Amino acid sequence: MKPCLYVVATPIGNLDDFTPRAQAILQSVDLICAEDTRHSSHLLSYFNIKTPLISLHEHNERERTDMLLSKLQEGKTLALISDAGTPLISDPGFILVRTLKSHAIPVIPIPGACAAITALSVCGLPTDRFIFEGFLSAKANARQQQLLQLKDESRTLIFYESSHRIVQMLNDAKTILGAERLGFIGREITKKFESYLNLNLNDLHEYYQQNQSQIRGEFVVIIEGVAKKDLKADKHELDLNSLLSSLLKELPLKKVTQIVSELTGLKKNYVYEQALIVQNNVIQHDIIQHNIPQDESIKSIKE
Ligand code: SAM
């Protein structure tokens, strides 16, 4: 094995999801960096993996990185695991990976479970474009601000949430993003009491308020993006264009820009540019319709 760091995914619940390749790599490296060595030692001993462990968590990652870099430079091979799922995804490892990259040390992924992607694959909400927001702030004000910034996001939104805050988080999401927005919750994915729920944000909030026994374990919250902006914009443009076209037949460009901008709340510059396009189209149309030389047609329309 060449000196490198393997970033190894571990199961998010069901131990059968631990891939044979991940086990073989952990078996063969010189050292495994784990978020919580006690937690990981259970997993490793279950699979009879006896490789030494060293802790790497958010409070010691900076100091550890220098030491791990030296080990790699001495020719050792390392693996990084977190408590569950894919390291670096709402888990430690970013400082280490970035440092190794800057020293041209190979970092090799050993893929496996990730709660966000696993939940996304069964949520029934659009999966073609999505954003991962991880955990929202634990502080109500900051959390509400974060949600406010996501209000107009058209991509599917993925969050991680703990049982302590799921009800408050859903309450804020319903208030800020809209009660009718569709949501999905994947709870205890791949575990004994796994559950999957598709409801709008209002009903999701109500469900967890009324079913306290379900507020246990780990949660992935997925929320649909706001209705496709592009579609709205297309429709808007169609409406705008016909409005501009009608007005341009009666009024000068400047006046049309001013009226339409006031009526629609759209920026004057944008309306002006659209109006110019429409006006040119009208001119082109007239040239074709009347089959007259371009210069003359423009002159006649301007007059
Ligand atoms: N690195 C992990 C991954 O790849 O998914 C995520 C680690 S993050 C510290 C832990 C959070 O992930 C939990 O609070 C929960 O939101 C989500 N999570 C992890 N396992 C889960 C599971 N089995 N079911 C639902 N959510 C889970």
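Every number for a ligand or one of its atoms is a count from 1 in the order of the listing. The figures that follow rest on heavy atoms only: side chains count, while hydrogens, waters and symmetry mates do not. Here the structure is a predicted model, which is why all the values come from computation and not from measurement.
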K.L.:
Using a 4.0 Å cut-off to any heavy atom of G85, which atoms of ligand 1 qualify?
P.N.:
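With G85 as reference, the close atoms of ligand 1 come out as 3 (C), 4 (O).
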
K.L.:
Would you say E58 has more than 12 foreign heavy atoms packed within less than 6.0 Å of its CD?
P.N.:
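No, the 6.0 Å shell around CD holds no more than 12 heavy atoms from other groups.
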
K.L.:
Answer yes or no: are there more than 12 heavy-atom neighbours, outside K255 itself, under 6.0 Å from its atom NZ?
P.N.:
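No, NZ of K255 has 12 or fewer neighbouring heavy atoms, counting only those of other groups under 6.0 Å.
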
K.L.:
Between ligand 1 and I189, is the shortest N or O to N or O distance under 3.5 Å?
P.N.:
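So ligand 1 has an N or O lying under 3.5 Å from an N or O of I189.
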
K.L.:
Could you tell me which atoms of ligand 1, counted from 1 in the order shown, lie closer than 4.0 angstrom to a heavy atom of G186?
P.N.:
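Result: 25 (C).
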
K.L.:
Would S162 count as a contact of ligand 1 if the rule is a heavy atom under 4.0 Å away?
P.N.:
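The answer is no, since S162 has no heavy atom less than 4.0 Å from ligand 1.
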
K.L.:
Hey, is E188 touching ligand 1 through its side chain, its backbone, both or neither, going by heavy atoms under 4.0 Å?
P.N.:
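Backbone only; the side chain of E188 stays clear of ligand 1.
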
K.L.:
Where on D91 is there a heavy atom closer than 4.0 Å to ligand 1, on the side chain, on the backbone, on both, or on neither?
P.N.:
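For D91, only side-chain atoms sit under 4.0 Å from ligand 1.
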
K.L.:
Just checking, is any N or O donor in the side chain of R64 or S55 under 3.5 Å from an acceptor N or O on the other one?
P.N.:
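Result is yes, a qualifying pair exists.
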
K.L.:
Quick test: of every protein heavy atom, which one is nearest to atom 4 (O) of ligand 1, and how far off is it to 0.1 Å?
P.N.:
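Here the nearest protein heavy atom works out to T86 N, 2.8 Å.
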
K.L.:
Please confirm whether the backbone N or O of R216 pairs with a side-chain atom of R187, one donor and one acceptor, at under 3.5 Å?
P.N.:
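Here the side-chain-to-backbone pair exists.
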
K.L.:
For atom 13 (C) of ligand 1, what is the nearest protein heavy atom, given as residue, atom name and distance?
P.N.:
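Looking only at protein heavy atoms, the one closest to atom 13 (C) of ligand 1 is E218 OE2, 3.4 Å.
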
K.L.:
For ligand 1 and C114, I'd like to know whether there is a polar contact (N/O to N/O, distance under 3.5 Å).
P.N.:
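Looking only at distances, the answer is no, because the N/O contact criterion of under 3.5 Å is not met.
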
K.L.:
Does some non-hydrogen atom of A84 fall short of 4.0 Å from ligand 1?
P.N.:
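Yes, that is the case, since the closest heavy atom of the residue is under 4.0 Å from the ligand.
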
K.L.:
Can you check whether E161 has an N/O within less than 3.5 Å of an N/O in ligand 1?
P.N.:
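Yes: some nitrogen or oxygen of E161 is under 3.5 Å from one in ligand 1.
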
K.L.:
Less than 4.5 Å apart, any side-chain heavy atom of I54 and any of T37?
P.N.:
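With C-beta onward as the side chain, the pair stays apart.
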
K.L.:
In this structure, is the centre-to-centre distance between the rings of F219 and F159 below 6.0 Å?
P.N.:
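No, they do not, as the ring centres are separated by 6.0 Å or more.
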
K.L.:
Against heavy atoms of I89, which atoms of ligand 1 measure under 4.0 Å?
P.N.:
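So the atoms of ligand 1 that pass are 1 (N), 2 (C), 6 (C), 7 (C).
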
K.L.:
What do you reckon, is CD of E250 surrounded by more than 12 foreign heavy atoms closer than 6.0 Å?
P.N.:
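Counting other residues, nucleotides and ligands, CD of E250 stays at 12 neighbours or fewer.
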
K.L.:
Where is the nearest protein heavy atom to atom 18 (N) of ligand 1: which residue, which atom, and how far?
P.N.:
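I find the closest protein heavy atom is A115 CB, 3.4 Å.
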
K.L.:
Mind checking whether A9 contacts ligand 1 via backbone (N, CA, C, O), side chain (CB onward), both or neither, at a 4.0 Å heavy-atom cut-off?
P.N.:
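Contact part for A9 vs ligand 1: neither.
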
K.L.:
Has F193 got more than 12 heavy atoms of other residues, nucleotides or ligands less than 6.0 Å from its CZ?
P.N.:
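No, CZ of F193 has 12 or fewer neighbouring heavy atoms, counting only those of other groups under 6.0 Å.
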
K.L.:
Say whether F135 and ligand 1 are in contact under the criterion: heavy-atom distance to a ligand atom below 4.0 Å.
P.N.:
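F135: in contact with ligand 1 (<4.0 Å).
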
K.L.:
Within the structure provided, determine whether K2 and P106 are in side-chain contact (heavy-atom separation under 4.5 Å).
P.N.:
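When only atoms from C-beta onward are counted, P106 and K2 do not touch, as no gap falls below 4.5 Å.
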
K.L.:
If you count the atoms of ligand 1 from 1 in the order shown, which ones are under 4.0 Å from a heavy atom of K191?
P.N.:
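Under 4.0 Å from K191, ligand 1 has these atoms: 23 (N).
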
K.L.:
Counting only heavy atoms, tell me which of F132, F219, Y160 gets closest to atom 3 (C) of ligand 1.
P.N.:
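The residue whose heavy atom sits nearest atom 3 (C) of ligand 1 is Y160.
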
K.L.:
For Y196 and F184, take the angle between the two ring planes, folded into 0 to 90°, and tell me which bin it lands in: parallel under 30, tilted 30 to 60, perpendicular over 60.
P.N.:
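If you compare the ring of Y196 with that of F184, the planes turn out parallel.
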
K.L.:
Are V260 and L266 close enough that some pair of their side-chain heavy atoms sits under 4.5 Å apart?
P.N.:
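No. Closest side-chain heavy atoms not under 4.5 Å.
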
